[in-house]
Colleague: 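For reference, the structure I am asking about is given below.
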Amino acid sequence: MAKDRLYLFDTTLRDGQQTQGVQFSTPEKHMIAEALDDLGVDYIEGGWPGANPTDSAFFAEPPQTRATFLAFGMTKRAGRSAENDEVLAGVLNANTKAVCIVGKTHDFHVTTALGISLEENTDNIRASIAHIVAQGREALFDAEHFFDGYKANADYALACLHAAFGAGARWIVLCDTNGGTLPDEVHEITKAVIDSGIPGARLGIHTHDDTGNAVANSLAAVNAGARQIQGTLNGLGERCGNANLITLIPTLKLKEPYASTLETGVSDDALAGLIKVSRMLDDILNRVPTRAAPYVGASAFAHKAGLHASAILKDPTTYEHIDPAQVGNERIVPMSNQAGQSNLRKRLADMGISVDPKDARLGALLERVKERETEGYSYDTAQASFELLARDELGLSPEFFAVDRYRVTVERKRAPSGKMMHLSEAVVVVNIGGERHLSVSESHMPDGSDAGPVNALSKALAKDLGPYQAVIEDMDLVDFKVRITGGGVEAKTRVTIDHEDATGRRWSTVGVSPNIIDASFEALLDAIRWKLVRDGAKALGAE
């Protein structure tokens, strides 16, 4: 049976940029557009030409994509023709192959927000779409507030859609602008639109996540017959975000009934790179990836319970709904105080360490993990620190260097300008093969501000490791988390640090101490040791 074509429309560069705190530069927009094109989406919405300098520069030098690149705008205003509306003209002057315009379809918004008659609004929609089509462009109509409008006045909401459809719009996009509609309603109303005479092959869906149902609502519309989905990478978008394409794409490709009935432009190879696309956006936004994100999160295929890990060893499908490799992810069996022998053997195997199941050291290691977690350590996320602990217990840790001592100072003083300023400085002394190396670092940022004592300590520790320096040069500290365990005089600080290297590999380490600086130092030290082990560095004197 031939599959229906389902089109994917990305609006990260427009709707996603409306996320609080998000503002893409023009080079970043080009980077994202290239990644989207490689992924295989069909439409890339670049923004609103003229809305801001960044968008204007982006459209002045548009990306060269296989996907249809388009501009966004709104219908012409009342009281002027489409040919003489400068706002609509600005969108058309971007010279994109397609143009998406938004128009109101809720009678309340027409009379209250626009202050015009219902007939004037439908005339504006009709004339705007007709003008775009007359220019030889593909026209898309975003029916703003459609679902709320349909529930308030179905006849008028449908009349707006048919005005655009009759004028030649290629796509009629049903928008759940306020994000309050639920999946059953989306399915029922989308079906009603199709029954009114607009084919599903011309219908799109644009949902927001205000009830946590944006992905479910998108699928509900597809189930009813819509054949275009609009969304954003990682669910970016105003308020609670838009439908998350990073979740929708693997669902459409790997889950029934979609996998056997629908075809998208995303290849299996592109799907395997999905996690890289998601992480790329997080890197641009300087955000920590969501560990629990479906499909691509670091915890999406993590199996902590001993019972689960035991079954995973026999057959991964017992507790995994897909093969993690299909989306570029990997299976993790973390160690914790809930872990059993199954978790331990699986984790050691993943580390490339072969140990006889009857080896008494396995039991000792398991007890050591549980003991450490009662002290405040957490290894279910800090996998790199667990690996080092296991190697230490099994006698498999190379001795690269030893830290003789370190010192951190924080000075608070008044600057010549009269403002109070801070300066953090760290000194670290390491012994490498009998030779002492002393490193001193401050924590100045490019703007002259102080990045703090942990930053100074990290820089000093990684400043001069002699023969190992080249191995650690590409390390980058990307996340730092602090938690107080216990309370009162018995309280301890747990620090978890994430690093990343030039290959995109990411690893977490943990340190625990009553002193936050000492806990941080332990995690920093583990991060360097793990990097040296994994990159095959040899201890001095080792063959």
Colleague: Measure the spacing between CG of N234 and CG of L285 and express it to the nearest 0.5 Å.
Modeller: 8.0 Å
Colleague: Provide the closest heavy-atom pair for S25 versus E28 in the form atom of the first, atom of the second, distance.
Modeller: N-OE1, 2.9 Å
Colleague: Can you confirm whether the side chains of Y258 and D4 place a donor and an acceptor under 3.5 Å from each other?
Modeller: no
Colleague: Could you check whether any side-chain N or O of N213 sits under 3.5 Å from a backbone N or O of A216, counting only pairs where one atom can act as donor and the other as acceptor?
Modeller: no
Colleague: Look at the aromatic rings of F165 and H162 and report parallel, tilted or perpendicular, splitting at 30° and 60°.
Modeller: perpendicular
Colleague: Looking only at atom types and distance, does a side-chain atom of R506 sit under 3.5 Å from a main-chain N or O of D498, one as donor and one as acceptor?
Modeller: no
Colleague: Just wondering, do T190 and F147 contact through their side chains at under 4.5 Å, heavy atoms?
Modeller: yes
Colleague: Are E138 and K97 packed together at the side-chain level, in the sense that at least one heavy-atom pair is separated by less than 4.5 angstrom?
Modeller: no
Colleague: Relative to the ring of F59, is the ring of F69 parallel (under 30°), tilted (30 to 60°) or perpendicular (over 60°)?
Modeller: tilted
Colleague: Ignoring hydrogens and geometry, is there a side-chain-to-backbone donor-acceptor pair from K253 to V266 under 3.5 Å?
Modeller: yes
Colleague: Answer yes or no: is there an ion pair linking R494 with E373, defined by an N-O contact shorter than 4.0 Å?
Modeller: no
Colleague: Evaluate the side chain to side chain contact (heavy atoms under 4.5 Å, CB included) criterion for residues I322 and K255: first the C-alpha distance (whole Å), next the side-chain angles of each, then the deciding distance (0.1 Å), finally the verdict.
Modeller: CA-CA 9 Å; I322 67 163; K255 299 295 183 180; 4.0 Å; yes
Colleague: Under 3.5 Å, is there a donor-acceptor pair linking the side chains of Y7 and W171?
Modeller: no
Colleague: Looking just at side-chain N and O atoms, do T251 and Y295 make a donor-acceptor pair shorter than 3.5 Å?
Modeller: yes
Colleague: Is N223 reaching over with its side chain to a backbone N or O of L219, donor-acceptor style, under 3.5 angstrom?
Modeller: yes
Colleague: Scan L36, L39, I249, I44 and name whichever one has a side-chain contact (heavy atoms from CB on, under 4.5 Å) with L8.
Modeller: I249
Colleague: Does atom CD of E86 have more than 12 heavy-atom neighbours, drawn from other residues, nucleotides or ligands, at distances under 6.0 Å?
Modeller: yes
Colleague: How close do S267 and A270 get, counting heavy atoms only, and between which atoms?
Modeller: OG-N, 3.0 Å
Colleague: How many angstroms lie between CG in N329 and CG in L274, if you round to the nearest 0.5 Å?
Modeller: 9.5 Å
Colleague: I need the full list of side chain to side chain donor-acceptor pair (under 3.5 Å) pairs touching residues 60-71, with sequence neighbours left out, sorted by first then second residue.
Modeller: none
Colleague: Taking the side chain from W530 and the backbone from S385, do they hold a donor-acceptor pair closer than 3.5 Å?
Modeller: no
Colleague: Over all heavy atoms of both residues, which pair between P183 and A220 is shortest? Give the atoms and the distance, please.
Modeller: O-CB, 3.4 Å
Colleague: Can you tell me if T207 and S218 form a side-chain donor-acceptor pair at under 3.5 Å?
Modeller: yes
Colleague: Are V91 and W48 packed together at the side-chain level, in the sense that at least one heavy-atom pair is separated by less than 4.5 angstrom?
Modeller: yes
Colleague: When you look at D148 and F108, which way does the side chain to side chain contact (heavy atoms under 4.5 Å, CB included) test go after all the steps?
Modeller: CA-CA 10 Å; D148 291 332; F108 169 74; over 6 Å; no
Colleague: Please report the shortest heavy-atom distance between G237 and T19, naming the atom on each side.
Modeller: N-OG1, 2.7 Å
Colleague: If you round to the nearest 0.5 Å, how far is CG of L158 from OH of Y150?
Modeller: 5.5 Å
Colleague: Using a 4.5 Å cut-off on heavy atoms from C-beta on, say whether the side chain of D195 contacts that of K191.
Modeller: yes
Colleague: Would Q383 and E387 satisfy side chain to side chain contact (heavy atoms under 4.5 Å, CB included), going step by step from the backbone distance to the final call?
Modeller: CA-CA 6 Å; Q383 294 298 305; E387 180 174 336; over 6 Å; no
Colleague: Determine the minimum heavy-atom distance between T105 and E144, stating which atoms define it.
Modeller: OG1-O, 2.7 Å
Colleague: Can you check whether I189 reaches K151 side chain to side chain, under 4.5 Å on heavy atoms?
Modeller: yes
Colleague: Is a side-chain donor-acceptor pair under 3.5 Å present for D10 with T12?
Modeller: yes
Colleague: How many angstroms lie between atom CZ of R227 and atom OG1 of T264, to the nearest 0.5 angstrom?
Modeller: 12.5 Å
Colleague: Are the side chain of K29 and the backbone N or O of L13 linked by a donor-acceptor pair below 3.5 Å?
Modeller: yes
Colleague: Please report the closest heavy-atom contact between L118 and Y156, naming both atoms and the distance.
Modeller: O-OH, 2.8 Å
Colleague: Under 3.5 Å, side chain of D142 to main-chain N/O of V102, donor-acceptor pair present?
Modeller: no
Colleague: Between I116 and N121, is there a side-chain heavy-atom distance shorter than 4.5 Å?
Modeller: yes
Colleague: Between R126 and D123, does any NZ, NE, NH1 or NH2 come within less than 4.0 Å of an OD or OE carboxylate oxygen?
Modeller: yes
Colleague: Has S128 got a side-chain atom pairing as donor or acceptor with K76's backbone, closer than 3.5 angstrom?
Modeller: yes
Colleague: P63 pairs by side-chain contact (heavy atoms from CB on, under 4.5 Å) with which of E34, H30, M31?
Modeller: H30
Colleague: Quick one: CZ on R239 to CG on D210, what's the gap to the nearest 0.5 Å?
Modeller: 4.0 Å
Colleague: Can you find a heavy atom in the side chain of I125 that is under 4.5 Å from one in the side chain of I101?
Modeller: no
Colleague: Distance-only, no hydrogens or angles: does the T96 side chain make a donor-acceptor pair with backbone N or O of A98 under 3.5 Å?
Modeller: yes
Colleague: So do the side chains of L114 and N124 get within less than 4.5 Å of each other, counting heavy atoms only?
Modeller: no
Colleague: Got a second to check how far R202's CZ is from I194's CD1, nearest 0.5 Å?
Modeller: 13.0 Å
Colleague: Closer than 3.5 angstrom, by distance alone: can the side chain of D176 be matched with the main-chain N or O of T181 as a donor-acceptor pair?
Modeller: yes
Colleague: Only one of D15, D209, T232 clears side-chain hydrogen bond (donor to acceptor under 3.5 Å, both in side chains) with N242; which?
Modeller: D15
